[in-house]
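Note that this is a predicted model, so its numbers are computed, not measured.
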Amino acid sequence: MSLSRDLIFIPEARHVPPGKQMATKIIHFMVNGRVERAEFGSDCTAEEVKDVFRAAAEASPHHILKLYKANGSMVNISPLLEPNSQDSYYRLEVVTSELRSIAMPTDVDNMEHRLCHLETKVLEEAEKTPEIISDLKSQVELFKRKLESAKHLSWMGLFRDESAQQISMFPPKAKGPQVNIEEEHQEVRRKFLNMSTLQVMEEVREHLRTPTFDNWQWEEPEMLMLLQVMFTDLDFLTVFHIKVDVLQNFLFEVYCHYNNIPFHNFHHCFCVTQMMYGLLWLTDVRNKLDPMDLLIMLTSALCHDLDHPGYNNVYQINAQTDLALRYNDISPLENHHCAVAFGILAKDESNILKHVSTEQYKHIRAGMIRCILATDMARHNEIFNKFKSVQPVFDFRNKDHKEVLMKIMVKVSDISNEARPMAVAEPWLDCLLQEFFNQGDTEKLKGLPVTPFMDRNKVSKPSSQTSFIRFVLLPLFTELTKLFPCLEQHIVEPVKRALEYYSDLERASQQEAAASKH
């Protein structure tokens, strides 16, 4: 392949019979403000075609590229691209130009390479146990022991890369074991406290109340400051006599108890809380529920995934982890999130509930437990059907109705990424799949049942979303919108667009796969 400003050309790499001319196709496309011309050999592979577009966009393999027709419809980058003229060029975009890959520790890279080799050997030798197994197990155990001494680390050991000059859309790069997590946390705390007395512009406050808010533009100290704004603007400090320094300690402790894993991290915590905050304003439920119930919902969103290890309940139960044993296989993660939350509230310096009455504390505690336990997707149908049954006759004066609404609003906030703009939502899907695939790999390694939607060899990005959007998100969001019609434009319409987007990608992928078989 050669690349120039005017021509990108992939030479025919396969054998061309004598006397036959190499068949090519010409593709014109605009990238970075200029029109390029690509010439492809007739039997180029999909990866070769994608490499050309990456080179033209000056993008790395970790960037996400999108190709659009002149009418704005998206097309799949593949050998099936239709030739075009210079006047009807495609438009090529790098959707996430600041995206960085998740760099795994060298030990993990080696382990994954050896695991692939092991799987090949097993297939080759069938009944014979490969010698590599014992060596691989030793490496895994050694690496796990390295991580056991580190505070709040996922099994994959991801750290923040403070040397980066830009905000990453993925959890940070791995650092060496010399990193002092406590020092890193204290630096975040110092920056947070330094900026916490600053006035946030009204424009930011208004944007903070909408689902279009872009979390990727904000660093962790700034997120803590915005969380403080949420508690302040909802008047919680006045109503519940919360001192500013206690709130700041509470928010910082919450931050410290989220792990640096691909998806269920502090950034996710912030997004869920911000969506809940937005829903409280958009639906005007602020004026329909008691301030205690508002505090329950916002604080539940904030604490709903505390100390998440990056492996779901199915894994906890199958692997018989300490959490599964402690909670008798009943929502082990969600029970743990609750326990960690009330452990933070048990400390006098971070107890934002220290000035409420005993009865108020009982009400808030019970409400938080209900809401956080409701985020276990194993209970989705139970909670959704309950809400669906009361929605036509919903009464804000009815205690049962209010409680199921609060659970539904926390659930909606928890899985609301697809209600955000695609540029914000799609990187989150990449993070989620990374965490899922990490679990699938570990399940294979330990000989546990592999969770179907976490097997990297069987799941694609579009296929992972279409069913989830169609059968979980849309029914849930639509039902809530029946109670609050104003949410149609804010959460239902964006999710419908996301479904169309991933359905198009899935169809294009299927067509490409079918064509490659012929």
Side-chain angles (χ1 to χ4, degrees), residues 227 230-231 234 236 239-240 250-251 254 257-258 264 268-283 285-286 288-308 312-313 327 330-346 352-353 356 359-388 390-391 394 396 398-417 419 472-473 476-477 479-480 483-484 487 491:
L227 290 170
M230 295 179 205
F231 276 76
L234 288 171
F236 290 159
V239 174
F240 301 104
F250 172 71
L251 295 175
V254 166
H257 283 80
Y258 274 93
H264 292 97
H268 169 67
C269 148
F270 174 82
C271 284
V272 175
T273 309
Q274 184 270 322
M275 182 61 74
M276 172 57 72
Y277 178 72
L279 292 178
L280 295 181
W281 285 91
L282 291 171
T283 61
V285 79
R286 296 172 299 112
K288 298 174 182 176
L289 293 178
D290 185 277
M292 273 195 297
D293 293 330
L294 303 180
L295 179 66
I296 287 169
M297 287 192 286
L298 195 74
T299 310
S300 295
L302 186 69
C303 299
H304 82 286
D305 272 331
L306 281 167
D307 199 35
H308 197 296
N312 72 3
N313 282 331
Y327 296 109
I330 302 172
S331 302
L333 287 180
E334 289 73 24
N335 274 295
H336 179 59
H337 305 325
C338 287
V340 175
F342 285 98
I344 293 172
L345 290 169
I352 58 174
L353 304 179
V356 302
E359 287 305 310
Q360 287 176 321
Y361 177 82
K362 287 180 180 179
H363 178 81
I364 294 170
R365 174 173 163 80
M368 283 182 61
I369 291 172
R370 276 194 305 271
C371 287
I372 294 176
L373 291 182
T375 62
D376 182 355
M377 287 304 293
R379 298 186 57 207
H380 174 76
N381 288 337
E382 165 208 337
I383 297 168
F384 174 65
N385 289 334
K386 174 69 182 297
F387 179 68
K388 196 172 180 180
V390 304
Q391 187 276 131
F394 192 88
F396 278 96
N398 184 303
K399 178 175 175 289
D400 290 338
H401 291 191
K402 283 195 302 181
E403 287 181 358
V404 72
L405 172 63
M406 291 164 66
K407 289 190 281 190
I408 286 291
M409 291 186 72
V410 172
K411 282 174 59 60
V412 166
S413 301
D414 186 23
I415 56 176
S416 62
N417 280 331
V472 178
L473 290 190
L476 178 63
F477 288 17
E479 204 62 35
L480 183 62
L483 189 61
F484 303 111
L487 294 181
I491 64 174

Qualifying residues under side chain to side chain donor-acceptor pair (under 3.5 Å), relative to [X], sequence neighbours excluded:
X: E359; answer: none
X: E479; answer: Q391, K482
X: H268; answer: H304, D305, D414

| request: Please list all pairs passing the salt bridge (charged side-chain N to carboxylate O under 4.0 Å, His left out) test where one or both residues lie in residues 269-278, with sequence neighbours left out. | output: none
| request: Kindly state each residue pair satisfying salt bridge (charged side-chain N to carboxylate O under 4.0 Å, His left out) with at least one member in residues 367-377, sequence neighbours excluded. | output: R370-E403
| Worked verdict on V285 versus D293 for side chain to side chain contact (heavy atoms under 4.5 Å, CB included) | CA-CA 10 Å; V285 79; D293 293 330; over 6 Å; no
If you round to the nearest 0.5 Å, how far is [atom2] of [Y] from [atom1] of [X]?
X: L302; Y: L295; atom1: CG; atom2: CG; value: 10.5 Å
X: Y277; Y: F270; atom1: OH; atom2: CZ; value: 10.5 Å
X: K411; Y: I408; atom1: NZ; atom2: CD1; value: 6.0 Å
X: T299; Y: I352; atom1: OG1; atom2: CD1; value: 4.5 Å
X: L353; Y: I364; atom1: CG; atom2: CD1; value: 5.0 Å
X: E334; Y: H308; atom1: CD; atom2: NE2; value: 7.0 Å

If you take all heavy atoms of [X] and [Y], which pair is closest and at what distance?
X: C371; Y: I296; value: SG-CG2, 4.1 Å
X: I491; Y: F477; value: O-CD2, 3.7 Å
X: H401; Y: F394; value: O-CE1, 3.1 Å

| said: Checking M406 against V410 for the side chain to side chain contact (heavy atoms under 4.5 Å, CB included) test, could you report, in this order, the C-alpha distance in whole Å, the side-chain angles of both residues, the deciding distance, and whether it holds? | reply: CA-CA 6 Å; M406 291 164 66; V410 172; 5.8 Å; no
| After noting the C-alpha distance and the side-chain angles of M409 and T283, does the key distance pass the side chain to side chain contact (heavy atoms under 4.5 Å, CB included) rule? | CA-CA 11 Å; M409 291 186 72; T283 61; 4.3 Å; yes
Looking at side-chain heavy atoms only, is the closest gap between [X] and [Y] below 4.5 Å?
X: D307; Y: Y258; result: no
X: F484; Y: L279; result: no
X: V390; Y: D400; result: no
X: N313; Y: M377; result: no
X: V254; Y: F250; result: yes
X: K288; Y: K402; result: no
X: D290; Y: H363; result: no
X: C303; Y: I372; result: yes

My understanding is that only residues two or more places apart in sequence, or in another chain, count here; which of them pass ring-ring contact (aromatic ring centres under 6.0 Å, His included) with [X]?
X: F231; result: F236
X: F384; result: H380
X: F342; result: none

Could I get the full list of side-chain contact (heavy atoms from CB on, under 4.5 Å) partners for [X], not counting sequence neighbours?
X: N381; result: N385
X: N335; result: Y327, S331, L373
X: V239; result: D235, P291
X: N417; result: F263, R420, W428

| side chain to side chain contact (heavy atoms under 4.5 Å, CB included) assessment of I344 paired with L306 | CA-CA 10 Å; I344 293 172; L306 281 167; 4.2 Å; yes
| said: Looking at K362, I'd like to know if its NZ atom is crowded, meaning that more than 12 non-hydrogen atoms belonging to other residues, nucleotides or ligands lie closer than 6.0 Å. | reply: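 No - once you tally the heavy atoms of other residues, nucleotides and ligands closer than 6.0 Å, there are 12 at most.
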| query | Under 3.5 Å, side chain of S416 to main-chain N/O of S413, donor-acceptor pair present? | reply |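 Indeed, once roles are kept as given, a pair shorter than 3.5 Å links the two residues.
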